[in-house]
Structures are given as C-alpha cells and as structure tokens.
Amino acid sequence: MKNDKVNIFGVFYNPTTYSDAVNAIISKAQNKVSYGVSALAVHGLIECYRNNILKEKVHKIHYVVPDGQPIRWVLNSFYDTNLKDRVYGPTLTLKVLEKANEHGLKVYLYGSTERTLQLFESFITNRFLNIIIVGIHVDRFREASIEEDFEDITKNK
C-alpha cells in the first residue's frame, strides 16, 4: 500500500494505481477505520491552488489519487512514478465495490442528493449481491455540527 504523498502546487497526491488504492480502501474498511479518499483531477488541483480553504480541506483527506491524465503526467515527469494509468474516480468506485462484494462488506453511502443516492443504492444492490448497504446520508453541503456527527456515527452501529 502506497502512502507516500508528493506535492503538486501545494496539493499532496498519493502516486498510486487502481490495485493499490483498492487494497488500501478495502483494508481500512475491513479494519473499520475511517478513511477519506478523493479522486482529484486538474480542476480540483487548480481550485485548491486558488482557494486555501479548499486546499486545507483536501489536506485532511487521507488518500488523494491522481484522477486526471495531466496529474499522472506530472507525477511521472517530476517524481518518476512510472504510473501507467490515472485512477479515475468512477472506475475506482466500481473496483472498490467489486472487491467489497467479494468480501461481503458493508457500505455506507454518503454525499450528493437523495435522488442520486437512491439510484446508486439501487445500482449497488442489483449488481453487487454480497454488499450490505447499512445507511445512506444525503450531503448537508456544509460542515456537520458536533451533535450531527455524533448522531450520524451512533445511529448506524
């Protein structure tokens, strides 16, 4: 599992492959460890460069994968990572779900809108029969209060 991060314009990426990223995510899930992952392409990098508040939030994410080809090119050119492919977020999600299905893991869906999460839940339950969806939480599009965090954590145990 690669945990080394490298700096691109003040944003720290994990130069990783699909396989390493999937293994890191599944390992954390099996050990019941909270683990934030972001697939950050060029747009996200530039927005972080322009917005220090966003950059600070991205720095709190545990694992930032190179979503865009230009990010992969920079990692290969500046850091000699020899990455053969980017780690595209939607593809990474499918690969994580495939591995979670093999292990019969529980999944909690968080983010986006209610409609999108309902569609995603339906997709998962129809395609990945061994995955158990233990909860859905629509994004508040703001920071949760301490009370909301506690409620979110305790209601799904």
Side-chain angles (χ1 to χ4, degrees), residues 1-6 8 11-48 51 54-76 81-144 148-149 152-153 155-157:
M1 170 185 350
K2 280 190 176 178
N3 282 322
D4 301 337
K5 290 192 175 200
V6 297
I8 302 176
V11 175
F12 296 95
Y13 281 85
N14 296 83
T16 190
T17 63
Y18 283 113
S19 177
D20 286 343
V22 168
N23 289 337
I25 294 164
I26 294 298
S27 173
K28 297 297 182 181
Q30 288 173 322
N31 291 301
K32 297 178 179 21
V33 174
S34 179
Y35 196 60
V37 179
S38 176
L40 196 65
V42 173
H43 177 77
L45 172 65
I46 298 305
E47 289 305 314
C48 286
N51 182 333
L54 178 61
K55 186 189 308 182
E56 288 174 21
K57 290 179 188 261
V58 169
H59 284 174
K60 293 177 183 176
I61 297 170
H62 300 99
Y63 208 71
V64 179
V65 302
D67 188 323
Q69 288 294 3
I71 301 298
R72 181 184 69 87
W73 296 333
V74 168
L75 291 172
N76 285 343
T81 58
N82 199 31
L83 295 176
K84 304 291 184 226
D85 198 4
R86 66 183 178 155
V87 180
Y88 181 52
T91 301
L92 177 61
T93 301
L94 285 174
K95 290 178 180 290
V96 168
L97 289 170
E98 288 167 358
K99 186 68 91 171
N101 190 60
E102 289 174 21
H103 293 281
L105 294 179
K106 296 176 181 176
V107 174
Y108 186 95
L109 303 178
Y110 176 85
S112 197
T113 64
E114 187 170 345
R115 177 74 178 134
T116 299
L117 288 179
Q118 288 171 346
L119 290 170
F120 195 36
E121 177 186 29
S122 177
F123 170 79
I124 292 169
T125 56
N126 289 323
R127 184 162 176 191
F128 302 101
L129 303 179
N130 294 323
I131 290 178
I132 301 162
I133 306 233
V134 295
I136 294 177
H137 192 289
V138 176
D139 196 344
R140 294 179 180 96
F141 296 101
R142 63 171 170 75
E143 290 290 325
E148 290 169 329
D149 270 342
D152 291 344
I153 292 166
K155 75 178 175 187
N156 289 301
K157 284 195 171 189

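Side-chain atoms of E56 and H59, non-hydrogen and from C-beta on, never get closer than 4.5 Å to each other. Annotation: side chain of L94 is not in contact with side chain of Y18 (no heavy-atom distance under 4.5 Å). Proximity of F12 to V6: side-chain heavy atoms (C-beta onward) are nowhere separated by under 4.5 Å. Looking at heavy atoms from C-beta onward, V87 lies out of side-chain contact with Y13 at the 4.5 angstrom threshold. Two residues are said to be in side-chain contact when any heavy atoms from C-beta on lie closer than 4.5 Å; L92 and I25 meet this criterion.
Note: H62 and Y35 have parallel aromatic rings, judged against thresholds of 30 and 60 degrees for the angle between ring planes.
Scanning all heavy atoms of the two residues, the minimum distance from K55 to C48 falls at CE-O, 3.3 Å. Taking every heavy atom of both residues into account, E47 and L54 meet most closely at CB-CD2, 3.6 Å. When all heavy atoms of N101 and L129 are compared, the closest pair comes out as OD1-N, 3.3 Å. Considering all non-hydrogen atoms of both residues, I133 and T125 come closest at CG1-CG2, 4.2 Å.
Just one of L97, V134, I26 meets the side-chain contact (heavy atoms from CB on, under 4.5 Å) condition when paired with L105; it is I26.
Partners of R86 according to the side-chain hydrogen bond (donor to acceptor under 3.5 Å, both in side chains) rule, which considers only residues two or more places apart in sequence or in another chain, do not exist here.
Rounding to the nearest 0.5 Å places OG1 of T16 at 9.0 Å from CG of N23.
No hydrogens or angles considered: a donor-acceptor pair under 3.5 Å links the side chains of K84 and N82.
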